[in-house]
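Contents: one structure, followed by commentary.
Atoms within a ligand are numbered from 1 in the order they appear, just like the ligands themselves.
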Amino acid sequence: MDEVIRMDHISRYFVVGDSVVKALDNVSLSVERGEFLGIMGPSGSGKSTMMNLIGCLDTPTDGHILIGGEDTGSLSESELAYIRNRRIGFVFQQFNLLGRLNALDNVITPLLYSGMGVGERRERAMHALERVGLAERMKHRPNELSGGQKQRVAIARAIVTEPDIILADEPTGALDTHTGNQIMDLFRSLHQEGNTIVIVTHNDEIGRACPRLVKIRDGRIEGGED
Ligand SMILES: Nc1ncnc2c1ncn2[C@@H]1O[C@H](COP(=O)(O)OP(=O)(O)O)[C@@H](O)[C@H]1O
Ligand SMILES: [Mg+2]
């Protein structure tokens, strides 16, 4: 058993004025290396909160998160930054590409400050763009690409560091059904190559396409451990 993610009795509360929003309420979840997990739930159910916690972009109010067996609560800010930059690849609904940079330079971004030479960074980024079928668009800026192409660039940027986990928060949410299905096909083939993938969605069809599906509602996993 090779557990890449372990959420152990995680809660995340937000204080808003006089009230407390329980975005996550005592959630436990384990993900094995090589799994393709879908997390499905309606808007406001806590999906993005969960992704932000797994991705070390946020810290829980209560509970422990282990990434590759390491308790993230005991890590320094620079160790957390290393996990975020090198061990996790993020894909977002709105792509989050840098508009000034062409596709190739967007994909190179996570490799900056890695100690890797310019030539190797470029080679790796070109390889990642080839992997997502966009090599011939590497000089295009985001505003010269379709939504589906932008998401492919974002996926190339997520895989360029060869991360342990790919986290995708509503990756098809800004795309039409056909384009969204093509993006799911790409995730499926990345999974077949051995990648660990966690996708969040509120869409039934996308959820059903995931080999393992967990449902979340009001900050709790349906049928969860407790
Ligand atoms: N930074 C925040 N401050 C206050 N409330 C928040 C914050 N982030 C999320 N929430 C609340 O937590 C709940 C879960 O939000 P979120 O995880 O974004 O849901 P989802 O991604 O499933 O739509 C919602 O009620 C949301 O309003
Ligand atoms: Mg969300």
Side-chain angles (χ1 to χ4, degrees), residues 4-31 35-67 72-73 77 80-81 83-84 88-97 147-148 150-155 157-158 163 165-177 179-181 183-184 186-187 196-226:
V4 277
I5 303 168
R6 166 125 208 105
M7 301 185 80
D8 206 4
H9 300 284
I10 289 295
S11 294
R12 178 64 168 107
Y13 298 166
F14 294 104
V15 178
V16 183
D18 293 338
S19 61
V20 176
V21 178
K22 294 183 173 181
L24 286 181
D25 186 14
N26 195 18
V27 165
S28 294
L29 178 69
S30 164
V31 181
E35 266 198 301
F36 185 165
L37 171 68
I39 297 171
M40 188 166 80
S43 177
S45 56
K47 306 184 297 298
S48 292
T49 301
M50 195 189 265
M51 292 300 248
N52 293 341
L53 289 169
I54 294 171
C56 301
L57 299 167
D58 188 19
T59 49
T61 309
D62 212 350
H64 294 273
I65 300 177
L66 284 75
I67 301 293
T72 59
E77 189 43 51
L80 289 173
I83 291 182
R84 280 194 294 269
I88 294 175
F90 293 96
V91 178
F92 301 96
Q93 177 172 355
Q94 297 298 339
F95 325 123
N96 293 17
L97 300 175
K150 280 187 257 207
Q151 198 58 300
R152 284 174 193 277
V153 174
I155 292 168
R157 181 181 56 186
I165 310 160
I166 298 169
L167 294 181
D169 191 348
E170 310 255 11
T172 64
L175 305 174
D176 62 69
T177 304
T179 310
N181 287 338
I183 293 297
M184 279 303 282
L186 177 55
F187 280 121
T196 308
I197 301 177
V198 181
I199 283 186
V200 151
T201 184
H202 66 262
N203 178 301
D204 281 343
E205 199 182 336
I206 297 293
R208 276 197 304 270
C210 298
R212 178 184 167 205
L213 185 63
V214 160
K215 292 187 181 172
I216 177 172
R217 180 173 289 275
D218 297 332
R220 305 196 65 133
I221 288 178
E222 290 184 4
E225 288 169 22
D226 46 21

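Side-chain contact check for I67 versus I65: some heavy-atom pair is nearer than 4.5 Å. Counting only heavy atoms from C-beta outward, the side chains of K22 and R220 never approach each other to under 4.5 Å. No side-chain heavy atom of N96 sits under 4.5 Å from any side-chain heavy atom of F90. When side chains are defined from C-beta on, S11 does not count as touching L24, because their heavy atoms never get closer than 4.5 Å.
Of all non-hydrogen atoms in D169 and S48, the two that sit nearest each other are OD2-OG, 2.7 Å. The shortest heavy-atom contact between M50 and I39 is SD-CD1, 3.4 Å.
Remark: F95 engages no residue in a ring-ring contact (aromatic ring centres under 6.0 Å, His included) (not counting sequence neighbours). Not counting sequence neighbours, the partners of D58 by the salt bridge (Lys or Arg N to Asp or Glu O under 4.0 Å) test are R12.
By the criterion of a separation under 2.8 Å, the protein N/O/S atoms near the Mg ion (ligand 2) amount to S48 OG.
The number of heavy-atom neighbours closer than 6.0 Å to CZ of R217, taken from other residues, nucleotides and ligands shown, is 12 or below.
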For each nitrogen or oxygen atom of ligand 1, which protein N/O atoms lie closer than 3.5 Å, and how far apart are they, rounded to 0.1 Å?
unit_1: ligand 1; atom_1: 17 (O); unit_2: S48; atom_2: N; d: 3.4
unit_1: ligand 1; atom_1: 17 (O); unit_2: T49; atom_2: N; d: 2.9
unit_1: ligand 1; atom_1: 17 (O); unit_2: T49; atom_2: OG1; d: 2.6
unit_1: ligand 1; atom_1: 19 (O); unit_2: G46; atom_2: N; d: 3.3
unit_1: ligand 1; atom_1: 21 (O); unit_2: S48; atom_2: N; d: 2.9
unit_1: ligand 1; atom_1: 21 (O); unit_2: S48; atom_2: OG; d: 2.9
unit_1: ligand 1; atom_1: 22 (O); unit_2: S45; atom_2: N; d: 3.2
unit_1: ligand 1; atom_1: 22 (O); unit_2: S45; atom_2: OG; d: 3.4
unit_1: ligand 1; atom_1: 22 (O); unit_2: G46; atom_2: N; d: 3.1
unit_1: ligand 1; atom_1: 22 (O); unit_2: K47; atom_2: N; d: 2.9
unit_1: ligand 1; atom_1: 22 (O); unit_2: K47; atom_2: NZ; d: 2.8
unit_1: ligand 1; atom_1: 23 (O); unit_2: G44; atom_2: N; d: 2.7

